[in-house]
S.K.: 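Pasting in a structure now, in structure tokens, and then I'll have a few things to ask.
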2 protein chains.
Amino acid sequence: MVNDLLKQNIKKNAQLSNSELEEICKYFYPQSIKKKASLLTQGEICKFEGFVLEGCFRIFTIDKKGNENTLYFATRDWWLMDIDSFMNQTPSNLNIQALEDSKVLLINRTDKLALYESIPIVEKLFRVMSQKALVAWQRRLIRNHCETAKERYHYFANTYPNIASKLTDKQIASYLGITHEFLSKIKKQS
Amino acid sequence: MVNDLLKQNIKKNAQLSNSELEEICKYFYPQSIKKKASLLTQGEICKFEGFVLEGCFRIFTIDKKGNENTLYFATRDWWLMDIDSFMNQTPSNLNIQALEDSKVLLINRTDKLALYESIPIVEKLFRVMSQKALVAWQRRLIRNHCETAKERYHYFANTYPNIASKLTDKQIASYLGITHEFLSKIKKQS
DNA sequence: GAAAATAGTTGAACAAGTTCAACTTGATAA
DNA sequence: TTATCAAGTTGAACTTGTTCAACTATTTTC
């Protein structure tokens, strides 16, 4: 079944019956995205939430100075969206771009909101997912404050070796919040 | 009624009946904390979630180098906890310290987990709260990457003037991720 | 398979932020 | 009120990270 990965992922965060799982997954539709194509572009309003089946995405913003800043990467078994734009239905500051030919399952905002109503445990599912994400963001902010760029680079490379291996140094630098020139110098040092 | 502020806060995030509100608030108990006293200390396991009625708290960690790093401040009408330690029941890396004589409403972890079961809309309430918090953390991370210390300082001082006015420059610096000496130089410039 | 575009490297000059130490100011406590 | 302690200021030397420019290597495209 094509939705197996999604079902496994959901089961990690809430205990659902098979019929509930089926009912939820029904609303997700597959989409293929070619390398370099975008699922969302800065200025658009995010009307979907996505789950990566295959490939890799980069979620980034371009600031006033023209610098790209990567919020996170999403690879197989990760969720992806602009939660700010999705919740508030305001224009997104983010770009969601495929780094390689990729496949996602998408759910429309209206369907997702309906699921919260029709299947109460969906509330718990996303409550738990959001809280786990919150923990990750808090930890990352502390690391950004306490650690040097070199330490942050090694942490990233060691913690997510399979993601790091898919990325260019430019993309990694934009995630770490440093220039790619400086990352090049860091890598030479050690 | 002493719980009015809490009820108003909850109502912003989910629509509850009065009886549900009463049932939820029943489990919160007031606690007074003297200036400089701690509600949670690094190494302890966080067994509560709190809501500030009065005063101001600083949530911070002390890293290996001995530097204090402030995750956030919580003043009247804000929530406060170590969500990492609370969820995983692992020793906390955080300290929650009162910056002035303060009052909070606390709910025990076991009571909160029971509320998720007994009042389904509590799931929605914390799902929405978590997602709003997630948005705030993502925005803050982007600001940390795109803006200079000076820009971040002015953003903080302008966005939260009533919090900033309660804080020493040392505390603000530890929130911005810079030294207090450098903050002093920033303030002199402009 | 050649041409063009993009990624990565290096160096030199620079800017942002830290460290340490000495000092001034302000708050707290006895 | 004075003594003490913490907060804030300032300067000099230093480290971390940036900018720009020139170059090399690697992909991508036609």
Side-chain angles (χ1 to χ4, degrees), chain A residues 33-38 55-56 58 60 62-70 73 95 97-102 141-157 163-190, chain B residues 34-38 56 58 60 62-70 73 95 97-101 141 143-157 163-190:
Chain A
I33 299 99
K34 287 269 170 212
K35 183 172 180 170
K36 288 190 183 169
S38 289
C56 188
R58 184 164 73 103
F60 67 99
I62 299 177
D63 67 24
K64 315 124 207 168
K65 298 160 199 160
N67 295 319
E68 291 191 358
N69 191 280
T70 299
F73 301 102
N95 303 278
Q97 193 184 39
L99 299 180
E100 49 187 66
D101 290 356
S102 302
L141 190 112
I142 290 179
R143 277 197 307 277
N144 277 345
H145 279 183
C146 297
E147 298 180 5
T148 64
K150 189 174 176 177
E151 290 168 329
R152 268 144 51 210
Y153 168 67
H154 286 123
Y155 177 84
F156 179 71
I163 300 182
S165 65
K166 294 185 175 201
L167 305 173
T168 66
D169 282 359
K170 232 177 157 173
Q171 291 160 348
I172 295 177
S174 80
Y175 172 85
L176 297 174
I178 58 176
T179 60
H180 67 281
E181 292 97 330
F182 189 56
L183 178 55
S184 174
K185 286 163 195 173
I186 284 173
K187 290 178 78 173
K188 200 188 168 195
Q189 278 173 39
S190 50
Chain B
K34 287 268 169 214
K35 182 170 180 172
K36 289 189 184 170
S38 288
C56 188
R58 184 164 74 103
F60 66 99
I62 300 176
D63 67 22
K64 316 124 207 171
K65 298 161 199 158
N67 294 319
E68 290 191 359
N69 190 281
T70 298
F73 300 102
N95 303 279
Q97 193 183 38
L99 300 181
E100 49 187 64
D101 290 356
L141 191 112
R143 277 197 307 275
N144 277 345
H145 279 183
C146 298
E147 299 179 5
T148 63
K150 189 175 177 176
E151 290 168 330
R152 269 144 53 211
Y153 167 67
H154 286 122
Y155 177 84
F156 179 71
I163 300 182
S165 64
K166 294 186 175 199
L167 305 173
T168 65
D169 283 358
K170 231 176 158 174
Q171 290 160 349
I172 295 177
S174 80
Y175 172 85
L176 297 174
I178 58 176
T179 59
H180 67 280
E181 291 97 330
F182 189 56
L183 178 55
S184 174
K185 286 162 196 175
I186 284 173
K187 290 179 77 173
K188 200 190 170 191
Q189 278 175 40
S190 50

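A note on names: the letters A, B, ... follow the listed sequences, proteins ahead of strands, and every chain is numbered from 1. Since the structure is predicted, the reported quantities are computational estimates derived from the model, not experimental observations.
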S.K.: Detail all sub-3.5 Å separations between protein N/O atoms and N/O atoms belonging to nucleotides 28-30 of chain C.
M.R.:
none

S.K.: For the atom pair CG (B:L176) and NE2 (B:H154), what is the distance rounded to the nearest 0.5 Å?
M.R.: 10.5 Å
S.K.: Under the side-chain hydrogen bond (donor to acceptor under 3.5 Å, both in side chains) test against B:H145, which residue among A:T70, A:N69, A:N67 passes?
M.R.: A:N69
S.K.: Write down the distance between CD (A:Q189) and P (C:dG8), rounded to a whole number of angstrom.
M.R.: 18 Å
S.K.: Which whole-number value in Å describes the distance from B:N144 CG to C:dA16 C1'?
M.R.: 15 Å
S.K.: Sub-3.5 Å donor-acceptor pair from the side chain of B:Q189 to the main-chain atoms of B:I186, do we have one?
M.R.: no
S.K.: Give the rounded distance in Å between these two atoms: CD of A:E181 and P of C:dA7.
M.R.: 12 Å
S.K.: Contacts to DNA chain C from residues 167-179 of chain B, heavy-atom cutoff under 4.0 Å, which residues?
M.R.: B:G177, B:I178, B:T179
S.K.: To the nearest angstrom, how far is B:N69 atom CG from C:dT18 atom P?
M.R.: 12 Å
S.K.: Counting N and O atoms only, with roles assigned by atom type, does the side chain of A:Q97 sit under 3.5 Å from a partner on the main chain of A:K36, one being a donor and the other an acceptor?
M.R.: yes
S.K.: In this structure, how many angstroms lie between the C1' atom of C:dT6 and the CG atom of A:L99, rounded?
M.R.: 15 Å
S.K.: Might you point out which heavy atoms bring B:C146 and A:D63 nearest each other, and give the distance in Å?
M.R.: SG-OD2, 3.4 Å
S.K.: Can you pull the salt bridge (charged side-chain N to carboxylate O under 4.0 Å, His left out) pairs that have at least one residue in residues 165-183 of chain B, sequence neighbours excluded?
M.R.: B:E100-B:K166, B:D169-B:K187
S.K.: Might you point out which heavy atoms bring A:L99 and A:Q171 nearest each other, and give the distance in Å?
M.R.: CD2-NE2, 3.4 Å
S.K.: Relative to the 5' end of DNA chain D, which residue comes earlier, B:F182 or A:F182, by the nucleotide with the nearest heavy atom?
M.R.: B:F182
S.K.: Bend angle of the helix from C:dG1-D:dC30 to C:dA30-D:dT1 from five-pair axes at both ends, rounded to 10°?
M.R.: 50°
S.K.: Would you say B:K64 and A:E147 make side-chain contact, with heavy atoms under 4.5 Å?
M.R.: yes
S.K.: With a strict under 4.0 Å distance from non-hydrogen atoms of chain B, what nucleotide opens and what nucleotide closes the contacted stretch of DNA chain D, reading 5' to 3'?
M.R.: D:dA7 to D:dA12
S.K.: Please answer whether the main-chain N or O of A:K35 pairs with a side-chain N or O of A:D101 as donor and acceptor at a distance below 3.5 Å.
M.R.: yes
S.K.: Under the rule for ring pair (Phe, Tyr, Trp, His ring centres under 6.0 Å), what residues qualify as partners of B:Y175, not counting sequence neighbours?
M.R.: B:F73, B:F156
S.K.: Reading DNA chain C from 5' onward, which residue's closest nucleotide shows up sooner: A:K185 or B:N67?
M.R.: A:K185
S.K.: What closest approach, in Å, do A:L183 and A:A173 show between heavy atoms, and which atom pair accounts for it?
M.R.: CD2-N, 3.8 Å
S.K.: Please report the closest heavy-atom contact between B:A164 and B:A157, naming both atoms and the distance.
M.R.: CB-CA, 4.3 Å
